[in-house]
Number of protein chains: 2
Amino acid sequence: MPVYKAPLRDMKFLLNEVFDYPGHYATLASGENATPDIVDAILAECGKFCEEVLSPLYLTGDEEGCKLENGEVSTPEGYREAYEQYAMGGWQSLSAPEEFGGQGLPASMGLFKQEMMGTANWPFSMYPGLSLGAMNTIFLHGSDEQKQTYLPPLTEGRWAGTMCLTEPQCGTDLGQVKTKAEPQADGSYKLTGTKIFISSGDHDLTENIVHIVLARLPDAPKGTRGISLFIVPKYLPGENGGVGERNAVVCGSLEKKMGIKASATCVMNFDGATGHLIGPENEGLNCMFTFMNTARIGTAIQGVGPAELSYQWALAYAKDRRSMRALSGKKEPEQVADSLIHHADVRRMLLTQKAIAEGGRAMLYYAARLADHMVEGFTEGDEQKAEKYDDKLGFLTPILKGFLTELGYEAANLGVQVFGGHGYIREHGMEQIVRDTRIATLYEGTTGIQALDLLGRKVLLMTQGGAVREFTFKIANFARKHLTDKRLRPWALELLKLTGQWNLLTVRLMLAARKDRDVVSSAAYDFLMYSGYVTMAYIWLRQAAVAVDKLDHGGADSEGFYQAKLATTEFYFERLLPRAQSHASSMLSPSKNLMQLDADDLAFTG
Amino acid sequence: MPVYKAPLRDMKFLLNEVFDYPGHYATLASGENATPDIVDAILAECGKFCEEVLSPLYLTGDEEGCKLENGEVSTPEGYREAYEQYAMGGWQSLSAPEEFGGQGLPASMGLFKQEMMGTANWPFSMYPGLSLGAMNTIFLHGSDEQKQTYLPPLTEGRWAGTMCLTEPQCGTDLGQVKTKAEPQADGSYKLTGTKIFISSGDHDLTENIVHIVLARLPDAPKGTRGISLFIVPKYLPGENGGVGERNAVVCGSLEKKMGIKASATCVMNFDGATGHLIGPENEGLNCMFTFMNTARIGTAIQGVGPAELSYQWALAYAKDRRSMRALSGKKEPEQVADSLIHHADVRRMLLTQKAIAEGGRAMLYYAARLADHMVEGFTEGDEQKAEKYDDKLGFLTPILKGFLTELGYEAANLGVQVFGGHGYIREHGMEQIVRDTRIATLYEGTTGIQALDLLGRKVLLMTQGGAVREFTFKIANFARKHLTDKRLRPWALELLKLTGQWNLLTVRLMLAARKDRDVVSSAAYDFLMYSGYVTMAYIWLRQAAVAVDKLDHGGADSEGFYQAKLATTEFYFERLLPRAQSHASSMLSPSKNLMQLDADDLAFTG
């Protein structure tokens, strides 16, 4: 059975050599304890846990799936024990505030942990991942009493959390939410309604589950301005931090899904369940979306993780499996055939995976620095700071989430392709990675929604192109600095050209959208993908610049590592980046060619 | 539950209006009975069978899958009855030679049937599909006795067939086949070995199963020149066309797969099984590959079918599901939200599916005319004719199989995307289409193998670019004829430009490959995809030219149909065809950026 190996070398390269995390942590209050030694020790320990405990449960969890019996969900064999180790190891508390039992480390440390966990076993990682969403919401919007009641057991990992948004009639369009919350004499509310697609809605990993639920107060305004947020625990909080009475919220059924089968996706029935308002009345959506950017970075990890895992396994197979002879002549004449790794077309697939996994990881780590500042702003109650970094992050997150999950899925599919017919067979795990990853472009906002958020909201509406100008200014400055090195020059030049084009495309879309609002939707996907390819090019140049420097000034003990960085940068610029131009071309195509047909003329079966 | 509707309008448009099948059939001996009335009646009847019998079994068959009990495989509920109807309806005999009980209709009629069956229920269609492969092989290479024994029950559908090639150590590289065939005193052979991934290897649909098996004679030369072909029936033929003794070939296990679960994929153990040589000793691979081009067109259908099915279901959902408001203003103000169909980004996805489904179908029907001529050459024993059309088809088949299955998978994934989170849930069938379609780029030669076959063999080695010159000459002539119509002019111009570029790219690769053989493998995939996009552009222009003509000269009762053809052509040229340029750019990239890294430097986990 295949196993996962934590890519610590690459992680440390990004942290210490590319993005200067030691310097970054030194500027953060939460960074006080995140010294290089401690960071290294935590990453190594987390990697070991992922390799030894989570990775072996990846295939078996899919095979067994979750079960619903007598209204209670049970997770696959080994999940309880693994979760217990996770909670006992203090992993849930890593970046949580110290006042509620957390270790108070920077938010980025939590992301690095999530990345390794999500790569080793994405479905498992969703349980604690959802809890973090609930913790963040309570931390930011809960009353002191709510924080005191819920945050300590959640931080401990003794309780888990969920986010209950989607209903049968609406997912993206939350203004259609119907679940009702009726005020009671004691200040509590009775919630009634049905939520679907609730990840970790019920399970046997923790003694309690805390649901954060969107619902409507009686006489609330229609649409998005009439939605409030509630805490609805599975068991009402009992004495001394324990649990009390069972609440009227139950899992009605488990969704049968394409993948992430070890993650319980529940239909949750609220049948007059007791809940408490969190945040102001009718401002539930705003509260829910406060930590949206971090949640979306969390999902963007599902672009990187599967690419990494699928790459690791495909690479091992390509070195091992022998088929045909290399076109340039026998490479292993003593063998019956050459290994797959000697075929250029197989290399093309492997390097695509590698470029996506490492390029995507670097994009995440780049953004994680901003997340640290944003979270610090929130924690310190410094709204200006929080908002400033939330905005910077807000431009990047739809790119990370939308672009990286699309490419992660491509990488996972290439992993199957390297295995040939064997990739389609379950025992190798390659097809499971595809099935598990397919959800990533759908939940937490589909790719189309990310694209609209990027182009429509962040670029055109909020900044009139300013977000692109600001980011490309930074990119261009970096590129210009590396025009003199002849190894970096061609890439720096290409990148400079692209920064100009990105701004030009933005202006052209802005003008077109003034006359035709549909342009925003008709161009959004291509604009998102274009932005992703250019951002990834920038991030590859940053890695290449470090590699060149290291090769020139020592560090020869890992020369191969730096050579590989340069080769992958070259591969990316020559073979993946050209796709940006087809997106540039498509996005300028008039919206007419999408909208001109009458819906009835779209198909003729007669 | 969703259902399939046979796209008869589009099929007849291609047959009667675009590709003049009535005129084509008039030139064929097998076309005598394929008059327009009969063709229409057959298509309608087949469509009905697919809609009413096969489509309802699509989701249930996946849910239940196949079972292996006591060495016998059973298919999902309803499959036996459906197959009985299929056989009783004479569908297996449609294009089979009359002398063995077939109806002797043109081969293309069989393809149209396969397309509808494969769209309604791909896994089901594999059982009769594999039989056709066995029938073709026996027809071409069997002795008279073998033909008399096996072809009538196979044509009747009373028996089924398989192709047993793959072994655990080899799939693509069949020179590594190890299964042994030992000659017996009576002229028969005893076969011993293990075959894997055998579609329809065992099942309960027919009273007998005829395996066509690749194996080695004792002292056969090593590699591909030492492989022979054998007929190994599950039951030895008995008296009066019935079955006799059970042969020593059994299904050892069923492969657990990502999809096509209702199709039994078997590990087959040959344990001294009785077989008979078919064709000359040691020329098994050649015999096996005779009908390769038709088999590959058969698989190319799996690019078109899933695109069509996924499009039908996604379109219905997009008209029904309401979410948010169109950016250009409320389209259904009386409703809680607008239908998805009013969002440009959703249209982009739907039109991509439509362009792939209809463009792919048109590519198949274009090639099917060549297949008719080729098959006629074989049937009449006219080797020169057979070879001529086999060559013409040989250039197109890797494009059809490789390019269309890649795009079909994209279309299937877009279907999931239109459904949002609901696409990931099994009950809607959208994720099943993805799982079922994922195999298409893997079996019958992976995309990489198709690409090598196209660029390495058909274009460079066999014709020194002549295949591209010949095909682009035809395209350019067509395009030039349509420069005068202002609706067609921009597309015709673009296509003319592309024919020049295609030749230029071919020459550049030819020159590069002289110095560096790896170029063939490093450029092959991009060359294949580029070729596919240009070919599909040609085929869309052909459809558009007919649409313009019909709109100008009557046929106004289906004006919407022709308008949709023009709009889809516009969509294709503006939004999908630009991708050809990113492939053009990548294919010229030196092979060095794939091959320069030492295999050990591809990953660093430490």
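Every chain is numbered from 1, with letters handed out A, B, ... down the list of sequences.
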Is chain B contacted by the side chain of A:I425, its backbone, both, or neither, given a heavy-atom distance below 4.5 Å? both
Interchain contact, B:E63 with chain A, by part (heavy-atom threshold 4.5 Å): side chain
Anything under 30° is parallel, anything over 60° is perpendicular, the rest tilted; go ahead and classify B:H428 against B:F419. tilted
Sort B:L602 into side chain, backbone, both or neither according to what part of it lies under 4.5 angstrom from a heavy atom of chain A. both
Does the cation-pi check pass for B:R9 over B:F561, that is, NZ or CZ under 6.0 Å from the six-membered ring centre and within 45° of its axis? yes
Applying a strict 4.5 Å limit to non-hydrogen atoms, the region of A:Q169 in contact with chain B is backbone
Return the minimal non-hydrogen interatomic distance between B:R435 and A:M258, and the atom names on each side. CG-CE, 3.9 Å
Which region of B:S591, side chain (C-beta onward) or backbone (N, CA, C, O), has a non-hydrogen atom less than 4.5 Å from a non-hydrogen atom of chain A, or is it both or neither? backbone
Would you mind checking which part of B:D516 comes under 4.5 Å of any heavy atom in chain A, side chain (CB onward), backbone (N, CA, C, O), both or neither? neither
Under 4.5 Å from any heavy atom of chain A - which part of B:K256: both
Tell me, for B:I196 versus chain A, whether the close heavy atoms (under 4.5 Å) come from the side chain, the backbone, both or neither. side chain
Please state whether the side chain, the backbone, both or neither of A:Q581 comes within less than 4.5 Å of a heavy atom of chain B. neither
For B:L315, is it the side chain, the backbone, both, or neither that has a heavy atom closer than 4.5 Å to a heavy atom of chain A? side chain
Let me know if B:L452 has heavy atoms under 4.5 Å from chain A in its side chain, its backbone, both or neither. side chain
Say whether A:E410 and A:T352, considering side chains only, have a donor N or O and an acceptor N or O under 3.5 Å apart. no
Less than 4.5 Å to any heavy atom of chain B: does that hold for the side chain of A:H342, its backbone, both, or neither? backbone
Honestly, the part of B:Y409 sitting under 4.5 Å from a heavy atom of chain A is side chain
Can you tell me which of B:D601, B:N413, B:T172, B:L350 forms the most heavy-atom pairs within a distance under 4.5 Å of chain A? B:N413
Let me know if B:K257 has heavy atoms under 4.5 Å from chain A in its side chain, its backbone, both or neither. both
Does any backbone or side-chain atom of B:R325 lie under 4.5 Å from a heavy atom of chain A? Answer side chain, backbone, both or neither. neither
Residues B:E574, B:R579: salt bridge by 4.0 Å N-O rule: no
What part of B:T166 gets within 4.5 angstrom of chain A, counting heavy atoms only: side chain, backbone, both, or neither? neither
Strictly under 6.0 Å, is that where the ring centroids of B:H422 and A:F197 end up? yes
Toward chain A, the part of B:Y424 with a non-hydrogen atom under 4.5 Å: both
Contact part of B:A524 toward chain A, heavy-atom cut-off under 4.5 Å: side chain, backbone, both or neither? neither
Of the backbone (N, CA, C, O) and the side chain (C-beta and beyond), which part of A:Y311 lies under 4.5 Å from a heavy atom of chain B, both, or neither? side chain
Could you give me the CA-CA distance, side-chain angles and deciding distance for B:R322 and B:S339, then say whether side-chain hydrogen bond (donor to acceptor under 3.5 Å, both in side chains) is met? CA-CA 4 Å; B:R322 296 177 193 290; B:S339 314; 3.3 Å; yes
So, B:R438 and A:E431, do they make that salt bridge, N to O below 4.0 Å? no
B:G456, B:A523, B:A567, B:G423: which one forms the most heavy-atom pairs within less than 4.5 Å of chain A? B:A567
Hey, what do you get for CG (B:L8) to CE (B:M11), rounding to the nearest 0.5 Å? 6.5 Å
Report which part of A:V416 has an atom under 4.5 Å of a heavy atom belonging to chain B: side chain, backbone, both, or neither. both
Between B:G329, B:G448, B:G420, which residue shows the highest count of heavy-atom pairs closer than 4.5 Å to chain A? B:G420
Give a yes or no on whether a salt bridge exists between B:D10 and B:K565, defined as a side-chain N under 4.0 angstrom from a carboxylate O. yes
Is the shortest side-chain N to carboxylate O distance from B:K592 to B:D518 below 4.0 Å? no
Between NE2 of A:H343 and CE of A:M324, what distance do you get to the nearest 0.5 Å? 7.0 Å
Lys NZ or Arg CZ of B:R348 over A:Y525 ring: under 6.0 Å, within 45°: yes
